[in-house]
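Single-structure report; data block below.
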Amino acid sequence: MKIVMLGAPGAGKGTQAKMIAEQYGIPHVSTGDIFRMNIKNGTELGKEAKTYMDKGELVPDELTVRILLDRVAQEDCKNGYVLDGFPRTIPQAEVLDAELTKLGDAIDYAINVDVPDENIIRRMSGRRACVSCGATYHIVHIPPKKEGICDKCGAELILRDDDKEETVKNRLNIYHAQTQPLIDFYTNKGVLKTVDGTVDSAEVFAAIKVILG
Ligand code: ADP
Ligand code: AMP
C-alpha cells in the first residue's frame, strides 16, 4: 500500500502517518525528518536544506526528489510506505508518478487532512518535537507523560525553529500556492480522500482506517 499524506503544515500529517505506519506495518517516510536528521548530523545536505527550512521555504525540488527516491528504493519500502511531507509541489508529484509508472505501480491513496488556517497557527505554537527520535507532541492536545521529555526515548522536546509564528505564516502561504494544487492532481488520479483534521487525533485516525480498510 502506497499512501501520500496531504495537508497544511501542522494539519496532523505526521501524527497520522506514524499511526498508519504502525497499524499497517509500512515505513513512515518524512522528507522533513530526513532533512532534520541531516541537519543534526551536520551533513552537506543538512547545511543546504537548513537555509530554506529556517525561512519556512521549500527545499528545491531537485534535491528533495533525489533524497526521496533514494529512500523509497530501500528494501523496507518494497511493500509500500506512507509519505509525509512529500510531494509538496506539482513537479515533485510528477517525478514520483513517473518513477512509479516505470515500475508498473501507482499511489493507492492520497489522504488530505483538512484543517483551516485559523487552527494551524495555534497548533504549531504548541507542537513539541523530540530532538532525538522526531516524535511529536502537543502541549495541550497530545502532551508527553513528563513535560519536556520524549515518552519514546527520553530525550528533550523542543519548539522547532520553523514553528515560530512568522515562519508558520510563510509556510502557510507557500502551502496554498505550491502544495494545495496537489489536491486536484490526486483527485484527477481518482485516489484523493479527504478527512476532517480538526477533530481529536484518534477520531481522525478512525476515519482514515475506514478509508484504508
Ligand atoms: P504535520 O506533520 O502535518 O506538520 P503534526 O502531525 O506534527 O503536523 O501535528 C502538528 C501539531 O498538532 C502537533 O503538535 C501535534 O501533536 C498536534 N496535533 C496533531 N493532530 C492533532 C489533532 N487531531 N488535534 C489537535 N492537535 C493535533
Ligand atoms: P515538515 O517536517 O514536513 O513540516 O518539513 C519541514 C521543512 O522541510 C519544510 O518547511 C521544508 O522547508 C522542508 N521540506 C520537507 N519536505 C519537503 C518537500 N517535499 N519539498 C520541499 N521542502 C520540503
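Order of appearance sets the numbers: ligands from 1, and atoms from 1 within every ligand. In this text the structure is predicted, and so the values were computed from the model without any measurement.
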Which part of V113 is near ligand 1, with near meaning a heavy atom under 4.0 Å away: side chain, backbone, both or neither? neither
What's the shortest distance from atom 22 (C) of ligand 1 to any protein heavy atom, and which residue and atom give it? R123 NH2, 3.4 Å
Under a 4.0 angstrom heavy-atom cut-off, which atoms of ligand 1 come close to D200? 23 (N)
Per-atom contacts of ligand 1 with Y137, taking only distances under 4.0 Å to non-hydrogen atoms: 13 (C), 14 (O), 16 (O)
Report yes if some heavy atom in the side chain of N112 is under 4.5 Å from a heavy atom in the side chain of L192; otherwise report no. yes
Sub-4.0 Å heavy-atom approach of A8 to ligand 1: yes
Determine whether the side chains of D117 and H176 contain a donor N or O and an acceptor N or O closer than 3.5 Å. yes
Is it the case that the side chain of D97 and the backbone of A93 share a donor-acceptor pair, with hydrogens and angles ignored and the cut-off at 3.5 Å? no
Which ligand 1 atoms does H141 reach within 4.0 Å, using its non-hydrogen atoms? 25 (C), 26 (N)
Run the contact test for V115 against ligand 1 with a 4.0 Å cut-off on heavy atoms, strictly below, and give the result. no
Can you find an N or O of T15 that's nearer than 3.5 Å to an N or O of ligand 1? yes
What I want to know is whether R128 and ligand 1 share at least one N or O pair that is separated by under 3.5 angstrom. no
I142 N/O to ligand 1 N/O under 3.5 Å: no
Considering only heavy atoms, which protein residues lie less than 4.0 Å from any atom of ligand 2? T31, G32, F35, R36, M53, E57, L58, V59, T64, G85, F86, R88, Q92, R160, D162, R171
Just so I know, are the side chains of L159 and R127 near enough to count as touching, which here means a heavy-atom distance under 4.5 Å? no
Using modelled atom types and a 3.5 Å cut-off, is there a donor and acceptor pairing between side-chain atoms of D196 and backbone atoms of T198? yes
State whether the shortest distance between N or O atoms of R127 and N or O atoms of ligand 1 falls below 3.5 angstrom. yes
Near H138 (heavy-atom distance under 4.0 Å), the atoms of ligand 1 are 14 (O), 16 (O), 17 (C)
Any idea which protein heavy atom is nearest atom 8 (O) of ligand 1, and the distance to it? G12 N, 3.2 Å
So, does D162 use its side chain to make a donor-acceptor pair with the main chain of K55 at under 3.5 Å? no
For residues 5-13, which side-chain N or O atoms pair as donor and acceptor with protein atoms under 3.5 Å away, sequence neighbours left out?
from: K13; atom 1: NZ; to: G7; atom 2: O; distance (Å): 3.3
from: K13; atom 1: NZ; to: A8; atom 2: O; distance (Å): 2.9

Under 6.0 Å from the ring centre and within 45 degrees of the ring axis: does the NZ or CZ of K2 meet both conditions for the six-membered ring of Y109? no
Between E48 and V59, is any pair of side-chain heavy atoms under 4.5 Å apart? no
With a 3.5 Å distance limit and no angle check, can you tell me whether D151 reaches the backbone of K145 through a side-chain donor-acceptor pair? yes
Any idea which atoms of ligand 1 are less than 4.0 Å away from a heavy-atom of K13? 1 (P), 2 (O), 3 (O), 4 (O), 6 (O), 8 (O)
Nitrogen or oxygen atoms of G14 and ligand 1 under 3.5 Å apart: yes
Between I107 and V95, is there shared hydrophobic-cluster membership here, with clusters defined by ILVMFWY side-chain heavy atoms closer than 4.5 Å? yes
When rounded to the nearest 0.5 angstrom, what distance separates OG1 in T194 from CD1 in I111? 10.0 Å
Looking at S201, which atoms of ligand 1 are within less than 4.0 Å of one of its heavy atoms? 22 (C), 23 (N)
Using a 3.5 Å cut-off on N or O atoms only, is V204 in polar contact with ligand 1? no
I'd like to know if the side chain of D61 pairs up with that of T89 as donor and acceptor (distance under 3.5 Å, no hydrogens or angles considered). yes
Heavy-atom count check: over 12 atoms from other residues, nucleotides or ligands less than 6.0 Å from K50 NZ? no
G10 heavy atom under 4.0 Å from ligand 1: yes
If you have a sec, work out which protein heavy atom is nearest atom 23 (N) of ligand 1 and how many Å separate them, to one decimal? V199 O, 2.7 Å
Is a donor on one side and an acceptor on the other found under 3.5 Å between the side chain of T64 and the backbone of P60? yes
Within the structure, does P9 bring an N/O atom to less than 3.5 angstrom of an N/O atom in ligand 1? no
I'd like to check V168 versus I120 (side-chain heavy atoms, cut-off strictly below 4.5 Å). Are they in contact? yes
